[in-house]
2 protein chains.
Amino acid sequence: MEEVTIRTIAQRANVSHTTVSRALNDSPLVKEATKKKIRQLADDLGYVPNLNAKGLVEQRSFLIGVFFSDLDTGTSPSFLVDVIKRARDFLPKGYSLSLDSVESLSASGTVSRHQYDGAIVVSQSKKDDPFIETLIKRRLPIVVLNRKIDRDDVSNFSTNDYLGAKKILEYAIRMGHRQFGIIGGATSFVSAADRRQGFDDVIRENGAETRPEWQRQGNYLPESGYQAMRDILGAAETPTCIFATNDDMATGAVRACQDLGYKVPADISIIGYDDMNYSKYLVPRLTTVRKPTDSIVQEGVSALTELLSNPAMAPVKKVAEPTLIVRDSVKDLRK
Amino acid sequence: MEEVTIRTIAQRANVSHTTVSRALNDSPLVKEATKKKIRQLADDLGYVPNLNAKGLVEQRSFLIGVFFSDLDTGTSPSFLVDVIKRARDFLPKGYSLSLDSVESLSASGTVSRHQYDGAIVVSQSKKDDPFIETLIKRRLPIVVLNRKIDRDDVSNFSTNDYLGAKKILEYAIRMGHRQFGIIGGATSFVSAADRRQGFDDVIRENGAETRPEWQRQGNYLPESGYQAMRDILGAAETPTCIFATNDDMATGAVRACQDLGYKVPADISIIGYDDMNYSKYLVPRLTTVRKPTDSIVQEGVSALTELLSNPAMAPVKKVAEPTLIVRDSVKDLRK
DNA sequence: TAAGTGAGTGTAACCGTGAACATCTTAATG
DNA sequence: CATTAAGATGTTCACGGTTACACTCACTTA
């Protein structure tokens, strides 16, 4: 069972392989009748083009690289799947999606122009910058999603986590809260730093209170939220509201309250971030912040698509606004 | 800025490109001193091999395809990410992972021997069978994960969902429950059918009761669990225990109970399936079933790795046993 | 009627790498 | 010192496509 190549077809059709190549690429140089015959033959023989050969001569790979900061923690699986899904739907046909983590590829250092035709970097951390720099140097069409980056020669779609944190904390302030705790995310993540900054600023601007013993470091997983909350509740006094910087940690935090006999939100309020798909079904329903992930991914992929056909395209930047989602996990203290 | 090829290096080193090729592939035919010099030069020039050329002559693609039944529903994102992560860790270096859905590829029909060096099919549904058949026909090294398939010429790693369902329902029976409802998953999913079968068998074998109005169809998303539960609670009488066939739907179901004034598990018990990462932090903690996902993925990827180096390897089959996870969402009616 | 035109097809080179085979060096052997 | 074997390197071709250029042939056109 030999592989079918354009030469196999050429032989059968009594033409040169060049004609076959042209026919299959719908070149205007070939007579319509010839095209038809050749296409039919290709179909019958089950011809599939060899992308290595094609790529070799055309200097492309038919691969779009999708790179995540880190596959182990922090990147929400659902976000990842979202990116893949959208990318598949919006990218021109013929491209495959190749997945890897920035981390592992920075190490091996083998990312080059002819390995990928383009790249989507879903970045969480400033640590990715050298990697991004490398891609740009190699003139790889690229978009950076999720995190706002400083350089202006790259298309970049992100959400304003700082603003999201401010919005939700100001809401808590409006509900009468004055004493706040926080369960932070991994320090290397820009999102975590931004949310923290929003927290700090709202506290300061409103003369609210926070204390070191009300602040704990988590890692975006439920376990860490649970543990952090237990620690905080061990303090002599407790705040009235806790900002868990993502919904997974908020879930763990709620559980910790339950275990120690605190009712949420009656005894203590908890706010989350990200509006996970199950957050509105928790007990209590989580008050949280929704990032416009869909539009980010969608616009990002569209930008890359355009970039692929027009490498000289001016970079597009967009910082999308998060939405406050008010549900039941924050108590109204004014009543 | 020309691309660096082995000929560029050859010129600089005053050797032929063949020698460079051999040196970089660590052939014993080349003197140690020459190798060293060439490697140094390659490094300095930032040489990256052209995989298209390499693949063209070696008849490979350096790509492992990871195929999911359907990216939109049913495949839990965390499972997908798990597969990717493991595959990256266990596959030999040099391979990239390419992601796609069975659905979209069956349509285009362009999966061929020289597009992928191997494939991991994460299958949910019997609908994938023709696709799997195609891959096998094209002699592509392949493993099928997640679902048990009938043919014996393919390595296959799955979990016994039927047994998992039996285990957890028998536990509920032991706790004194006799009236059961069920919220099923997407009908096309084998996992959903198996869990359903386990449910039916336990009911029958133990002379327990279920009724049409206690049975609803969901789609594995929280929303559907919520809706299904509301429906069930609308019946004149209600069962004492509901089997939500995954944890996401169980989460929605718990919420529905809450909204309608039923306490879980005091008034009604709910059991889940899958043991999601947040399930042990819910209120109440979910009693559920854990699939040994890790070992499945790990062994599956190992099998593929072996298959890549030895295409004649005998197929490996394994059906892993799920574990019952008892927590707080089932009431002990015997007390 | 010879030359020009353009549509349709073929020839040959090329993309970057690996490998069969040829060639050249060097050391070992009698 | 001539002969040989082994070691090191070079030459050439192949992989399966695309493309610049050459060619054929029928049809215009002056």
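Naming convention: chains lettered A, B, ... in sequence-line order (proteins, then strands); numbering from 1 in each chain.
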Looking at side-chain heavy atoms only, is the closest gap between [X] and [Y] below 4.5 Å?
{"X": "A:Asp128", "Y": "A:Phe67", "result": "no"}
{"X": "B:Gln124", "Y": "B:Ser191", "result": "yes"}
{"X": "A:Leu304", "Y": "A:Val301", "result": "no"}

Measure from [atom1] on [X] to [atom2] on [N] and round the result to the nearest Å.
{"X": "A:Asn50", "N": "C:dC15", "atom1": "CG", "atom2": "P", "answer": "18 Å"}
{"X": "B:Leu56", "N": "D:dT18", "atom1": "CG", "atom2": "P", "answer": "12 Å"}
{"X": "B:Gln115", "N": "D:dG17", "atom1": "CD", "atom2": "P", "answer": "12 Å"}
{"X": "A:Ile6", "N": "D:dA14", "atom1": "CD1", "atom2": "C1'", "answer": "15 Å"}

*Look at the rings of B:Phe62 and B:Tyr95 and say which category their plane angle falls in: under 30° parallel, 30 to 60° tilted, over 60° perpendicular.*
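B:Phe62 and B:Tyr95: tilted rings.
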
*Contact class for B:Thr18 vs. all strands (heavy atom < 4.0 Å): base, sugar-phosphate, or nothing?*
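Result for B:Thr18 = base.
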
_What contact category does B:Asn25 fall into here, base, sugar-phosphate, or nothing, at under 4.0 angstrom with non-hydrogen atoms?_
sugar-phosphate

*Please list, chain by chain and in numerical order, all residues satisfying ring pair (Phe, Tyr, Trp, His ring centres under 6.0 Å) with B:Phe157, sequence neighbours excluded.*
none

*Where the side chain of B:Glu58 is defined as all heavy atoms beyond and including C-beta, which of D:dG16, C:dG18, C:dT17 is the nearest nucleotide?*
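Side chain of B:Glu58 sits closest to C:dG18.
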
*Flag yes if more than 12 heavy atoms outside B:Lys148 fall under 6.0 Å of its NZ atom; otherwise flag no.*
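Atom NZ in B:Lys148 is not packed in, count stays at 12 or less.
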
*Take the C1' atoms of the five end pairs on each side of the helix from C:dT1-D:dA30 to C:dG30-D:dC1, derive the two axes, and give their angle rounded to 10 degrees.*
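Roughly 70°, once rounded to the nearest ten degrees.
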
_Determine whether a donor-acceptor pair (one donor, one acceptor, N or O, separation below 3.5 Å) exists between the side chain of B:His17 and the base of D:dT11._
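No, no donor-acceptor pair under 3.5 Å.
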
Pick out the pairs of N or O atoms, protein on one side and nucleotides 5-9 of chain D on the other, that lie under 3.5 Å.
unit_1, atom_1, unit_2, atom_2, d
D:dT9, OP1, B:Thr34, OG1, 3.0
D:dT9, OP2, B:Lys31, N, 3.2
D:dT9, OP2, B:Thr34, OG1, 3.3

*Taking only the side-chain nitrogens and oxygens of B:Gln59, find out if one of them lies under 4.0 Å from OP1 or OP2 of D:dG16.*
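So the side-chain polar atoms of B:Gln59 do come within 4.0 Å of the phosphate oxygens OP1 or OP2 of D:dG16, strictly under.
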
